[in-house]
Structures are given as C-alpha cells and as structure tokens.
Amino acid sequence: MEQKSKYNPSEVEQKWYAYWLKNKCFHSEPDNREPYTIVIPPPNVTGILHMGHVLNNTLNDVLIRKARMEGKNACWVPGTDHASIATENKVVAKLAAQGIRKEDLTREEFLKHAWAWKEEHGGIILEQLRKLGASCDWDRTRFTMEPELSKAVIATFCHFYRKGWIYRGVRMVNWDPVALTAISDDEVIHRDTRSHFYHLKYYISDGKGNPTDQYLVIATTRPETIMADAAICVNPADERYHCLRGKKVLIPLINREIPVIEDDYVEMDFGTGCLKVTPAHDAHDYEIGLRHNLPVLDIIDDRGRLNADAQILVGEDRFDARKKIAKMLEDAGNLLKVEEYTSPVGYSERTDAVIEPKLSAQWFLKMDDLAARALEAVESGRIHFIPDKYRNVYRHWMENVRDWCISRQLWWGQRIPAWYLPDGGVVVAETAEEALAQAQQQNPSLKAEDLHQDEDVLDTWFSSWLWPISVFDPEQPGHPEHKAGADLSYYYPTSDLVTGPDIIFFWVARMIMAGDEFMHDVPFRNVYFTGIVRDKLGRKMSKTLGNSPNPLDLIEKYGADAVRIGMLLCSSAGNDILYDEAQVEQGRNFCGKIWNAWRLVSGWNVDEKAEQGEVSRAAVKWFDNLLSRSIGTVADHYAKFRISDALMTIYKLFWDDFCSWYLELVKPGYGAAIDRATFDATVDFFSKLLKLIHPVMPFITEELWQGMEERRDGESIMFERTPVAGPVDEPYLSAFDDLRALVVNVRGVRAQKGLSPKEELALNIEGAFREELLPVLMRAANLSSVEFAAPEGPAVSFIVGTVKASVKLEGLVDAGEERKKLEADLEHQRRFLAGVRAKLSNEKFVSGAPAAVVEGERKKEADALARIAALEASLSKL
RNA sequence: GGGCGCAUAGCUCAGCUGGUUUAGAGCACCUGCCUUACAAGCAGGGGGUCGGCGGUUCGAAUCCGUCUGCGCCCACCA
C-alpha cells in the first residue's frame, strides 16, 4: 500500500476511533471467557479533561487493551459522578452570574437548573476521553445520579438504617460556611496558618457580678467567640489556680458571669494554663461541656457571622469581628498582649473556606465494623495495593476511623429517605408510599401531607462507593441477599483499579466496605495508585499558575499516541509525575520512527528466486531470539505493574534493536530486491512488534496493521493475541552482543581517526569468535577482511570481553598516543586484578562465600590475566 | 505532634533475595554526518566518592543505627 511520508495522527485517530465504535469493538457481553473488568474512576459530570485524567485513563486503557489481547473478555465501564458539592457550587455560581440567588428558588426550581447544567456540560469529559483512545464500553455508560443508581443509594441507606448502623444525632461537625453544608472529616484539609494568640484578662467576680481587681489570663486565637464562653477551665493538678476553685469570672465586654472548672484535658504548660470553654464553637470544648453540664450558646450563624446571641458585633463576619473585638478588648483594658502564632486550621476541600466547628443534627454511618472488614481484605492480601506502601496509610486510617457524616445540606444529590412525623418521630423507607405505610402503622390517621422528608442529600461518596456493583446491577446494593444479575456475577469482582492516592479513603476504602457488605467479596483485586501530575519544576498543576496544558491541545499537536507515551514514560506507580512536553515530543518521535520503519519494509521488492544470505539468516535468528526474550521481559514488567518499564523495553527493542541493527542488517542494497524468507520474517517481526506496542499506542499500530494486508471489516489489531515467547538461545544472544560491541569499537576507531563509514577496514581478532556471525560482523563494521591472528604492522587495538581486536591502520596510528591509551587500560586492568586477588586471597571469602561467587571471582581473575597479557603484547609491538 | 516514604548522572528514574569484570536506562549534553525509511534522524562520545557519618559482613547503592534535606498521610494544644 502507498504510505504517506509523514504520519498524520489526527486523521488516523479519527478514522480508527470511528471504526472501532462502528464495529462495537469495545463492547463486552458475558460469555465463557475469563472476564477482565475495570470500572472507570468516574470523573465529575461537569468536569473537563486535565492531565491527571490523561494519566489515569491512559493506564486504564493500557491494562484493558492488554487484557483484551490476552484473550480475556475485557470490559471497561465508563461513567460520571454527580459530585454533589462541586456541581452544586458551579450551578450556584452560574445562577449568581445571572442575578439569581439560590435561596430565592425552591428546591424543584433549583434542581431544574442543575439538571439543565448537567445536560449541557455533562459527558463532555467522556467525549474527550475518546480523543485519547480510551476503549471504554460506551454502551454501558453510567451516571451516579441516574434513576436506577439513585435507587441503589436509597436502598443502601435503608439497609444500614434497618441494621441500626445509620443514626441521626446532634454532633459537632465540620461546617463549610461558604457551601453552607456539613462535610465529613476527610473533606477537611488542615494547613498551618499564621494567626495571633490573644492574651485576655478575665476579672474574677465578687459573686454579685461585679469585677474584683483580681484576674486570670487566658490565651485564645478566637477572641470573637468569648461571648459564647461557658466556663474557664484549669487542670486540677495546677496549683497555681487552686485559689480559683469555686470562683466565678466575668467575660470581658459583656460581663457575663461564668464558673471556673477543672478538667484533665487542659495542658498546664500550654498558653497560660487557663482555657476558655466555648462548647458551641470547638469540638473539645463541647466534650468538656458535656462532662461538666455546661450550657451551649451558639453565637455564629451558618454563614460565619455573629448572631444576636453574641450581643455585640452582631452581623459581623467572624474574621472582621475578630479584628474589631481585639480593638475593643484593648480599649477596655482586657488585652494583655498579642503574640504571633502559627497553628493548624481546617479548610474545606471544596471551597477552601475555614471550617467552623458547628453543632448540628446530621446523619452518620457507623464505621467500626465496616472498617474492620475492609482492613482485613487488604491485610489478608485479597486486595493488593501497588505500591505496597499504601497499605500502611490504609491501615492507619482504618484503625482510627470515626463515624461517617453522610448528610449534606445541599439539593444536588440523593435526598435522604427519612420522613418526619408530626409527633417528631421518623420513618425511613425507600419510597414516600412505604414511608406513609410505615407511619400509618404508628398512627393510622396520618396522611401523606403530614410527613415531611428530610431536606438533606447524601454525601457523593455514599453513592460512588457502590460504583463497581451498581454499574452492573443497581438492584444489588442495599439487598445483599438479592440474586446478582448476569452481568454482576460475571464481571464482579473487577480486576484492577487505577486511581490517585488522594481518594484512598474517600473512595477506595469505602468501595471495599460496600463490596464486603453487599457482595461478600472484594470489589477489585489490585489497586494501582498513580501519582499527582506536576509540572517539570515539581509544582502542582493549577489554573492560577497556568502551568497545566490542555490535553486536547497536546493531542491535536502531537497525536494521542504521543501524549500517551509522554505520560507513561515518566510514570512509576505511586510516584508523582513530573510532566514535561519533551516527553510528548519523544512519543511523537517514536511514532515517526515506527512509521518510517514500515515505510522502509513496505517498499521492498521481493525476489522469489533469491537465496537468503548468511547475514540475513543470522540477523533473523538473532532478532527472533531477542524478540522472544523481550516478550518475556515485557510480560514480567506488566505483571508487576511496572508500566513504564514495559514501555521502555518495547521502545528500545523497536528502536535500537529492530531498526538500528536488524533492519540495517537485512535491508537490501539500493535498487536490489530482498529474498522471500527474510522478507516474510521481517513482516512477521513487524506484526508482532505492532501487537506488543498496541496497548500503549493504539492508533498508529492499528493504522499500520490494517495496511499490512487486506483485513476483513471489523477485524482489528486489538483482538489479535499478544505475541508468545518461544525458546531463547541465550548463548547466541550473548555472542551477538559481543559482536555488536566489536562493531561499535570499530566505528569508534573510524570516528576517532576521521575515517568515512564507507571505507573498508581490516580487522584482526585474537580470541574466540562465533564463526556463523562473521559475515554479520563484516557487514555491520564494513570490514574488508577478518584475520584470526595478531596484526602485522601498525594497528589500533581494543578488548571486548576476553577478545582482543585490532584495526590495521597504515600511517594513521600515532604510536605515542596508542601507547598512552594501552598503558592506561593496562593500569586499570592491573588494579582490577589486584582487587579480585585481594578477595581470593582472603580465607574468609573463599570459605564463606557461595561456591558460585568464588568461581565467578576466579573467572574474573583469569579474564583479567588474559586481558593484561593481550595488552602487554600490543605494547611490546609498538 | 504521630506515622509512612524518598534521597543513585544535568533532569526523570531502574537497580527485585547483599556478590554479573569498570553501577544502568531514557531524555538532555558534546563531536562528526543532509548515507537512497526517518535531521522528529544516523554514527560516535563524555558524565556518578549511589545525601553525611557510624555499624553488621569475606563483601554494602542494597541490611541496621544516626544525622541532614525533601515529600506524603493522619492529628481541632486552646
């Protein structure tokens, strides 16, 4: 076939992706083959493709394509996540830009806007994945908020509620005053933050609400919360403050009287040893308050502003209030000093707002039992983490996990299926009808309108933890005794999961829990953790830094295969990826190399009558063996999830071995034809190489494979079998390596002496050389003759292994220079020999080391002696 | 504060159970080549006291201790 001189990725990619789709090449149905399943880590439905997605999905696609070529029934299920907080934030922002405020809308109106947004932006990212070559089974595309999957989430809630593991309670939660919702502990990011440590005087009361002239000092970072103080607390062992027992103090500015109490929680040597206890605005203080029966006074509203109960600074934002109250305290003489202070502060993962500890009624899921089982699944080795170090991280979290706050004060998500009764009771059911029926059992006179459904929705992860189950059978979650559907029982457990370590707790751990609860089995066998994609300076990719390339632009510029290679080249499991466009260029160059290699081979004319020459015969034998060995190496790398090592093995095999050595050896002279045997072998090699490359570079391999011969419609390289390794003649390969070393040395001599590669040289070899490789040596090194004897006359010598070789060079040998070189080499060999002999003369080594190692050292000694003799002989000739 | 991990060539990383002659790769770099597949290429080349110190061992990049410097996870000492 006529091949264009340059590879045009975008044209080829469009053509073959359309072809794969048209022929449903990615679609999978259960059959009698072994399944290989991956569920995509569902990207946010309104998200757009970034470099992290490229890395993750490239790895997934490599795995799925490899499995497919191993004859497995490969199924990669795509889909998106409704991402409740992120999406709701986006919709709120978009509405705000149009002058619409969320609080002016009803829930139904808001959800209409949200769904409209989802319809408009949802799935863009899945379209983008196609550009990358992702071989997802698009017929199976799922969305976590589609009706069936939402039903699964609700059923799950009811299941755990019936089990008594879901409960509603007033707890101190992490309140996000921007998103206006509680969030789970995992969504809080602690960062050391510079602030101030305010030392405040609290005057001791005379018992009638009037200050005495005595005071104590507390240190706080949050002076704006003093109005909510319920007590001052000291350590009972702190003798400094025993005089305060039974006393009361007055809160500055508002002069409210509060008691002094004692609790072990207070550290004597931290701050002043006096702690102001503010139960409504600090989790520890809340605990103290419970122990001492203190009142809870909440003075901060949902948006982080002081409310009327604060008495002063009402309506002020908490940070403005902090500045203002500091001034007020100073004016009132209560501010003793202000220190610079750095302490960890919790921020919302989504909005970056400073978290406000807030007492509120939320739904929780009991975690202890689920966590214990999920820990066992990993500790027992039923699930394997790559790299292994994440087991430690996982164990630590599992052993310290707290109950999961699953309610969110949002609208975008699955609404909690709890209905409140007029008498304050609650019923939980999968539907409103069932809830009413349940309620009527308690009180037959109740009507539908008497029931009020909980306003909150469920945490997004409360739906994504079902993903590996619900994509195959949404009936299963919530109904562990349900008979799994055909797809679920065939595809579950999935095989491998590729994801980032940042969601090991959010998602990975919880999928393991849900898997155990509803399937009594693990959700996947292996979890491959990628790193974070950074720029080449090691900085995180971010919009503000502008250091994040648009993957689609890269694909447009370099081609999808090149982008995939660029990502894979620098990715080892668990390590951050330092992305550099140079790597994508390298990928593009590799495409060019493959393309041009086929241009060469496909342009050859075959002479049916020609005999196969000795050089070609030897080259074919060599590459056949090398290919076999490399197939084994690649398989081993893949088995250990060393994807970039597998790629590098293939890369070097194709470029260095196949192109630079094999093709150069067999390629016919200008205008000459090639013999049939060599041509067929070469095409066979090429075809095997393409199959080996296909999982990492699907497009160019399909293009060339399709062009190699007539293919039937629907036939694709992706259904070909991975080449299988034959027996490997190791001695032959190693003899060929020696030959290559000789050739490189001869070329080196040419380069040094400024001789043209076209100029034939005469070589002398002293030592053993494999006879059948002689023609190869002569061709590759462009030799006129090879003589197995010491050279007569001036020559440049070098040593390969234990073979000494000399290039005869009349008039070009500088005896002095040559002597210097040989002497340096000799010196080096003598030192080496001395080292080896020191070992061998050490009685402890000879008796202590394994026989094979001692034998190895003896061989080294003999080889060194041989080399020294050869070098000395050359020197004496000079 | 607790835990985990990392440190090998200019850069990114391999180096698996301690022993493969002088510790490897890719990229970058230097030199020479527009050789009829490919200059996005070809041929050749230079470059590392394996973070410091101490220990175990016949033998350490590899095992142990310690120090230094990074990274990550967990953690509400106000």
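Convention: sequence-line order gives letters A, B, ...; per-chain numbering from 1. Every heavy atom of this structure was used, including side-chain atoms; hydrogens, water molecules and symmetry mates were not.
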Practice task
Side chain of A/Val266 only, please: which of B/A78, B/A14, B/G19 is the nearest?
Solution key: B/A78
Practice task
Look at all strands and tell whether A/Arg402 reaches a base, only sugar-phosphate, or nothing, counting heavy atoms closer than 4.0 Å.
Solution key: sugar-phosphate
Problem - Atom C1', compared across B/G10 and B/G46: separation rounded to whole Å - result: 13 Å
Problem - No-hydrogen, no-angle side-chain donor-acceptor test under 3.5 Å, A/Trp397 and A/Asp186 - result: yes
Exercise for the section: For A/Arg750, answer base if it contacts any base atom (sugar-phosphate contacts may also be present), sugar-phosphate if it contacts only those atoms, and nothing otherwise; contact means non-hydrogen atoms under 4.0 Å. Expected result: nothing
Exercise for the section: Check whether the side chains of A/Lys652 and A/Ser630 place a donor and an acceptor atom closer than 3.5 Å, and report yes or no. Expected result: no
Problem - Rounded distance in Å - CD1 (A/Ile577) to C1' (B/G71) - result: 14 Å
Handout entry: Exercise: do A/Asn174 and A/Asp185 side chains pair donor with acceptor under 3.5 Å
Key = yes
Practice task
Have a look at A/Asn392 and say if it touches a base, only the backbone sugar-phosphate, or nothing, with a 4.0 Å heavy-atom cut-off.
Solution key: sugar-phosphate
Problem - Proximal nucleotide (of B/A75, B/A40, B/A78) relative to the A/Arg588 side chain - result: B/A40
Fill in the blank from the handout: Picking from B/C16, B/G41, B/U21, the nucleotide nearest the side-chain atoms of A/Arg642 would be B/C16
Handout entry: Phosphate OP1/OP2 of B/G41: any A/Asn589 side-chain N/O under 4.0 Å
Key = yes
Exercise for the section: Sticking with atom P, work out how far B/G65 lies from B/U20, rounded to a whole angstrom. Expected result: 25 Å
Handout entry: Stem segments of RNA chain B by first residue number [Watson-Crick or G-U, under 3.5 Å, at least 3]
Key = B:1-7 with B:68-74, B:10-13 with B:24-27, B:29-33 with B:41-45, B:51-55 with B:63-67
Fill in the blank from the handout: Among B/U21, B/C72, B/A78, the one nearest any side-chain atom of A/Ser343 is B/A78
Practice task
Please work out which of the three classes, parallel, tilted or perpendicular, describes the rings of A/Phe590 and A/Tyr651, given edges at 30° and 60°.
Solution key: tilted
Practice task
Output, in order, the C-alpha distance, side-chain angles, deciding distance and verdict of side-chain contact (heavy atoms from CB on, under 4.5 Å) for A/Leu275 and A/Ile232.
Solution key: CA-CA 6 Å; A/Leu275 169 71; A/Ile232 296 295; over 6 Å; no
Handout entry: Beyond-backbone contact of A/Phe798 with A/Leu742, side-chain heavy atoms, under 4.5 angstrom
Key = yes
Practice task
May I ask you to check whether A/His284 and A/Tyr286 place their ring centers less than 6.0 Å from one another?
Solution key: no
Close N/O contacts between protein and nucleotides 58-60 of chain B (under 3.5 Å):
| from | atom 1 | to | atom 2 | distance (Å) |
| --- | --- | --- | --- | --- |
| B/C58 | O2' | A/Asn842 | ND2 | 3.0 |

Exercise for the section: Between B/C16 and B/C72, how far apart are the P atoms? Round to whole Å, please. Expected result: 26 Å
Handout entry: Same-atom distance (C1') from B/A61 to B/U17, integer angstrom
Key = 16 Å
Exercise for the section: Using modelled atom types only, decide if a donor and an acceptor are shared between the side chain of A/Arg750 and the backbone of A/Ser756 within a distance under 3.5 Å. Expected result: yes
Exercise for the section: Select base, sugar-phosphate, or nothing to describe what A/Tyr198 touches, counting heavy atoms under 4.0 Å on all strands. Expected result: nothing
Problem - Donor-acceptor under 3.5 Å (A/Arg171 side chain, A/Leu359 main chain) - result: no
Practice task
Grab the CD1-P distance between A/Ile650 and B/A14 for me, whole Å please.
Solution key: 18 Å
Exercise for the section: Would you classify A/Gln829 as touching base, sugar-phosphate or nothing, given that sugar-phosphate means primed atoms plus P, OP1 and OP2, and contacts are heavy atoms under 4.0 Å? Expected result: base
Practice task
Could you verify whether a donor N or O on one side chain and an acceptor N or O on the other, from A/Lys276 and A/Thr278, lie under 3.5 Å apart?
Solution key: yes
Practice task
Answer yes or no: are there more than 12 heavy-atom neighbours, outside A/Glu339 itself, under 6.0 Å from its atom CD?
Solution key: yes
Completion exercise
A/Leu865 CG to B/U21 C1', in whole Å, measures 13 Å
Exercise for the section: Could you check A/Glu267 against A/Arg747 and say which one's nearest nucleotide on RNA chain B is further toward the 5' end? Expected result: A/Arg747
Handout entry: Side-chain (A/Glu187) to main-chain (A/Ser184) donor-acceptor, under 3.5 angstrom
Key = yes
Problem - B/C4 OP1/OP2 closer than 4.0 Å to side-chain N/O of A/Tyr394 - result: no
Exercise for the section: Hey, can you tell me if A/Tyr394 and A/Phe385 have their rings parallel, tilted or perpendicular (30° and 60° cut-offs)? Expected result: perpendicular
Fill in the blank from the handout: Once base and sugar-phosphate atoms are separated, protein heavy atoms under 4.0 Å mark nucleotides 23-37 of chain B, 5' to 3', with B, S and - as --SSS--------BB
Practice task
Report the residue (A/Val836 or A/Asn745) whose heavy-atom-nearest nucleotide on RNA chain B is the more 5′ of the two.
Solution key: A/Val836
Exercise for the section: For the residue pair A/Thr682 and A/Tyr662, confirm or rule out a side-chain donor-acceptor distance under 3.5 Å. Expected result: yes
Problem - Euclidean distance, atom CD of residue A/Gln752 to atom P of B/G46 [Å, nearest integer] - result: 10 Å
Handout entry: B/U49 to B/G24 separation - P atoms, rounded to the nearest Å
Key = 15 Å
Exercise for the section: Can you tell me, in whole Å, how much space there is between the C1' of B/U35 and that of B/C29? Expected result: 25 Å
Exercise for the section: Give A/Val393 one of three labels, base, sugar-phosphate or nothing, depending on what nucleic acid heavy atoms sit under 4.0 Å from its own. Expected result: sugar-phosphate
Problem - Between B/U56 and B/U66 - C1' atom distance, rounded Å - result: 15 Å
Handout entry: Atom pair distance, as rounded to whole Å: CG in A/Leu578 and P in B/C6
Key = 17 Å
Problem - Euclidean distance, atom CG of residue A/Asp737 to atom P of B/U21 [Å, nearest integer] - result: 13 Å
Practice task
For A/Phe505, answer base if it contacts any base atom (sugar-phosphate contacts may also be present), sugar-phosphate if it contacts only those atoms, and nothing otherwise; contact means non-hydrogen atoms under 4.0 Å.
Solution key: sugar-phosphate
Exercise for the section: Please state the C1' separation for the pair B/C63 and B/G18 - nearest whole angstrom. Expected result: 8 Å
Handout entry: Rounded distance in Å - CE (A/Met268) to C1' (B/A78)
Key = 16 Å
Practice task
Rounded to the nearest angstrom, tell me the gap between atom CD in A/Glu861 and atom P in B/U21.
Solution key: 16 Å
